[in-house]
There are 2 protein chains.
Amino acid sequence: MARSTRPGIIDVARLAGVSLSTVSRAMNDNPTVDPALADRVKAAAAELGYAANPVARSLVLGRTQTVSVVIPDLANPTFQAILRGLSRAASADGYHVLISDTAEQVDEEAALVTTTRRRTDGVILCAPRLPQSGLSALLPSVAPAVVINRPPQADVPTVAADYGAATTELIAHLRSLGHRRIAFLSGVVASASGEARKRAIADASTSGDVEFVEIPAGVDFDSGAASADAVISSGATAALAFNDLVAMGLLSAVSTRGIRVPEDLSIAGFDDIPFAAYTTPPLTTAAVPSFEIGRDAWAAMHALLTGGEPTASAIFTPEVVIRASTGPVRNPAPQV
Amino acid sequence: MARSTRPGIIDVARLAGVSLSTVSRAMNDNPTVDPALADRVKAAAAELGYAANPVARSLVLGRTQTVSVVIPDLANPTFQAILRGLSRAASADGYHVLISDTAEQVDEEAALVTTTRRRTDGVILCAPRLPQSGLSALLPSVAPAVVINRPPQADVPTVAADYGAATTELIAHLRSLGHRRIAFLSGVVASASGEARKRAIADASTSGDVEFVEIPAGVDFDSGAASADAVISSGATAALAFNDLVAMGLLSAVSTRGIRVPEDLSIAGFDDIPFAAYTTPPLTTAAVPSFEIGRDAWAAMHALLTGGEPTASAIFTPEVVIRASTGPVRNPAPQV
DNA sequence: CTGTTAGCGCATTCAA
DNA sequence: TTGAATGCGCTAACAG
């Protein structure tokens with residue numbers, strides 16, 4: 001029968017015949033304790049199956065060995081990859097991860113960050129939807145914090161992918177294929193990376209020979225599929241989707257309507273999620289190193305936690321991966 | 001400037017002109033406190049931005065409002081969906097989720113479960129890879145616990161998908177299409193659901209006119225792709241993959257070898273992950289309600305936590321979704 | 001090197 | 001109804 005109540009530090013002290021502070025020291029490998037005694041204490045602890053209560057330690061030490069990660073949507077492959085990279089790295093450093101999914105509820109984001117921060121040592125905000133003003137107000141009160149996929153924030157390390165540069169590269173790719181009218185499926189959700197994309201598009205359209213048709217869409221597969229008709233009737237010969245999910249939804253929907261990709265319509269996405277390489281045709285996209293972003297976000301947090309020098313903001317430039325979903329313009333679609 | 005140190009219960013007591021125990025009572029809506037006084041206390045707390053330290057509360061109350069979830073691989077879409085369902089449901093009940101990814105390291109599984117359990121109120125083991133003996137030894141020491149995707153355990157609620165039944169149905173489907181020689185890509189990882197699949201296959205092969213070729217593979221996309229040659233040379237006209245990931249890898253690899261699916265080879269998977277419907281051709285699979293499994297696992301844990309009646313083990317029977325990756329036998333592949 | 005004492009911040013006895 | 005005292009389990013001063 002397992003003991004119904006776990007052994008406490010006093011039980012170990014009693015068994016080893018020492019004071020409870022000696023047990024504490026021994027268990028924490030404090031060098032000021034006699035080696036022989038330390039062994040005796042550890043043997044007693046092992047015999048009893050004792051391990052210090054982490055909650056009690058947290059209270060007295062003021063740290064929980066846990067960080068909070070707040071994500072807009074656990075169903076998004078990009079965030080999943082970020083979480084995975086983060087979780088693995090934190091685990092390797094002996095830290096635990098408390099995870100929260102805001103389900104894209106912007107108004108609950110701040111509250112979740114604040115609440116979870118109190119039971120952890122720091123919080124990592126993954127692609128927060130909060131407007132800049134709200135973010136600026138929130139961050140100082142929850143330090144240490146790390147922000148993913150937002151522009152550099154005052155006094156807070158940031159790790160992000162440069163969606164603006166990626167957009168520019170993707171546009172250059174499409175232009176080189178002869179596309180002059182491009183549909184842009186913008187995510188309706190307020191996201192910093194979305195703004196960066198729009199800015200890059202604005203730049204390209206003012207300074208170039210290419211025009212854009214913005215089609216408000218969402219951030220998931222279904223919203224991409226729902227935009228199919230709008231894209232088709234837009235007269236665009238190519239579509240730049242908010243992300244791979246949207247691109248795949250669009251690809252799937254236009255295919256069932258008999259539109260050939262890339263002969264009739266070129267489609268490109270962002271992120272390079274796991275299945276982007278296996279759609280039919282395989283998707284051209286800007287590869288965002290999500291796993292690495294998660295890993296680096298942890299590294300920044302770890303530096304903050306261990307008093308290391310504050311990590312500079314890291315920025316990854318996505319690499320455009322050209323696959324078969326984009327091709328040369330054949331017949332410009334008729335203007336509607 | 002934000003205060004560098006958060007207000008404590010004493011600060012509120014001082015501001016409200018009451019004792020600290022009255023503050024505690026008021027903040028916890030203890031009915032024995034005078035309503036007017038309670039309002040005054042809460043006003044003071046609001047003014048100071050006070051909220052009780054959750055770590056201190058955890059220590060004194062003996063509960064953390066957090067549960068631990070241990071998963072074999074955060075990159076697996078099925079586990080992601082389970083986690084999502086679990087996380088959403090727990091959050092709705094005011095609980096937090098501590099998440100651990102064992103990275104398929106069986107030997108670290110027990111340690112992770114034990115460790116994380118100590119800083120939480122319970123642990124949910126998602127498809128643990130531990131052998132039954134190890135699981136039986138572990139579970140009593142970490143109660144309350146809930147196990148996902150394992151056969152019913154003594155004194156521990158279980159929620160699982162019936163992979164055996166799903167396998168039987170999938171085989172029946174393939175038989176009805178005329179397939180008599182079927183390759184089974186077994187996951188090399190020790191998993192209970194894998195055993196269930198094998199048992200169903202053994203049953204079918206002993207009692208029927210269909211034979212199976214077991215091809216050891218892994219549990220991910222790449223291992224499915226790596227099995228392509230083995231499947232082709234096996235002479236099978238259909239392949240049952242360990243899961244959709246493996247099926248998609250196989251589908252992709254045989255396609256590049258010029259094998260047509262389903263004309264030359266039928267392929268079926270398990271799980272119905274988000275992209276299974278969008279492969280080319282769309283994948284026939286046994287749909288496992290992962291999100292619901294996660295949700296129900298939480299419900300079982302919540303019942304345990306709130307002293308409700310112990311939830312009976314729940315079992316979901318996956319529904320076979322017939323799509324285009326399976327079709328009638330045309331030319332039995334040549335025996336090698 | 002080891003034992004004694006004092007909190008960490010709070011909920012909850014026990015008196016009043 | 002409220003305040004004073006006790007302790008959750010542990011670490012870290014402080015003595016010895």
Side-chain angles (χ1 to χ4, degrees), chain A residues 3-45 48-66 94 114-115 117-121, chain B residues 3-45 48-66 94 114-115 117-121:
Chain A
R3 262 179 313 285
S4 65
T5 175
R6 295 193 55 94
I9 195 172
I10 319 185
D11 302 305
V12 181
R14 204 143 33 206
L15 180 59
V18 298
S19 77
L20 103 188
S21 34
T22 295
V23 175
S24 175
R25 293 191 189 98
M27 297 305 289
N28 291 303
D29 292 317
N30 186 318
T32 72
V33 58
D34 182 279
L37 225 194
D39 287 347
R40 186 148 55 90
V41 169
K42 290 187 176 179
L48 263 37
Y50 168 82
N53 181 324
V55 176
R57 297 197 81 214
S58 293
L59 182 60
V60 63
L61 294 176
R63 55 184 163 77
T64 60
Q65 293 292 112
T66 304
T114 302
T115 304
R117 169 62 181 87
R118 298 218 55 196
R119 48 183 79 230
T120 58
D121 300 341
Chain B
R3 264 176 312 284
S4 65
T5 174
R6 294 194 54 96
I9 193 170
I10 319 184
D11 302 304
V12 180
R14 203 141 33 206
L15 180 59
V18 297
S19 77
L20 108 192
S21 29
T22 295
V23 175
S24 175
R25 293 190 188 100
M27 297 303 290
N28 290 301
D29 292 317
N30 186 318
T32 72
V33 58
D34 181 280
L37 225 195
D39 287 346
R40 185 148 57 89
V41 169
K42 289 187 177 178
L48 262 38
Y50 169 81
N53 181 323
V55 177
R57 297 197 83 217
S58 294
L59 181 59
V60 62
L61 293 176
R63 54 183 164 76
T64 61
Q65 294 292 111
T66 305
T114 302
T115 304
R117 168 65 181 85
R118 296 219 55 198
R119 49 183 77 230
T120 58
D121 299 340

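Convention: sequence-line order gives letters A, B, ...; per-chain numbering from 1. Here the structure is a predicted model, which means the values were calculated and not measured.
In this entry the distance linking CZ of R119(A) with C1' of dG9(C) reads 14 Å, nearest Å. In this structure, D29(B) atom CG and dA11(C) atom P are separated by 12 Å, rounded to whole Å. Distance, I10(A) CD1 to dG7(D) P: 11 Å, rounded to whole Å. We find that CG of N30(A) is positioned 13 Å from P of dG3(C), with the value rounded to whole Å. The nearest whole Å value for the distance from the CG atom in D39(A) to the C1' atom in dC1(C) is 15 Å. Rounded to whole angstrom, the span from the CG atom of L20(A) across to the P atom of dG3(C) amounts to 10 Å. Straight-line distance from the CE atom of M27(A) to the P atom of dG9(D): 16 Å, rounded to whole Å. Nucleotide dG7(D) holds its C1' atom 13 Å from the CG atom of L61(B), rounded to whole Å.
V18(A) comes within 4.0 angstrom of sugar-phosphate atoms only, judged by non-hydrogen atoms across all strands, and of no base. Within the 4.0 angstrom heavy-atom criterion, only backbone atoms of the sugar-phosphate kind lie near L37(B); the bases stay farther away. The residue V60(A) sits close to a base: some heavy atom pair falls under 4.0 Å.
For R25(B) and L59(B), each mapped to the nucleotide of DNA chain D holding its nearest heavy atom, the one lying further toward the 5' end belongs to R25(B). Between T32(A) and R118(A), the residue whose closest nucleotide on DNA chain C is further toward the 5' end is T32(A).
In this structure, R57(A) contributes its side chain and V60(A) its backbone to no donor-acceptor pair below 3.5 Å. Side-chain atoms of N28(B) do not come within 3.5 Å of backbone N or O of N30(B) as any donor-acceptor pair. A donor-acceptor pair under 3.5 Å is formed between the side chain of R119(B) and the backbone N or O of T64(A).
Phosphate proximity of dT11(D) to R57(A): present, with a side-chain N or O under 4.0 Å from OP1 or OP2. An OP1 or OP2 oxygen of dT2(D) is reached within less than 4.0 angstrom by no side-chain nitrogen or oxygen of T22(B). When the side-chain nitrogen and oxygen atoms of N53(A) are compared with OP1 and OP2 of dC8(D), none of them lie within a distance under 4.0 Å. In this model, the phosphate group of dC10(D) is approached by a side-chain N or O of Y50(A) to a distance below 4.0 Å at OP1 or OP2.
Checking dT11(D), dT1(D), dG9(C) against every side-chain atom of A56(B), the shortest atom distance belongs to dG9(C). Side-chain proximity of S21(A) to the nucleotides dA4(D), dT11(D), dA12(D) is greatest for dA12(D). Candidate nucleotides dC10(C), dC10(D), dT1(D) were compared by shortest atom distance to the side chain of D34(B), and dT1(D) ranks first.
Salt bridge status for R14(A) with D11(A): present, with a side-chain N to carboxylate O gap under 4.0 Å.
Residues A45(B) and V12(B) approach most closely at N-CG1, 3.9 Å, considering heavy atoms.
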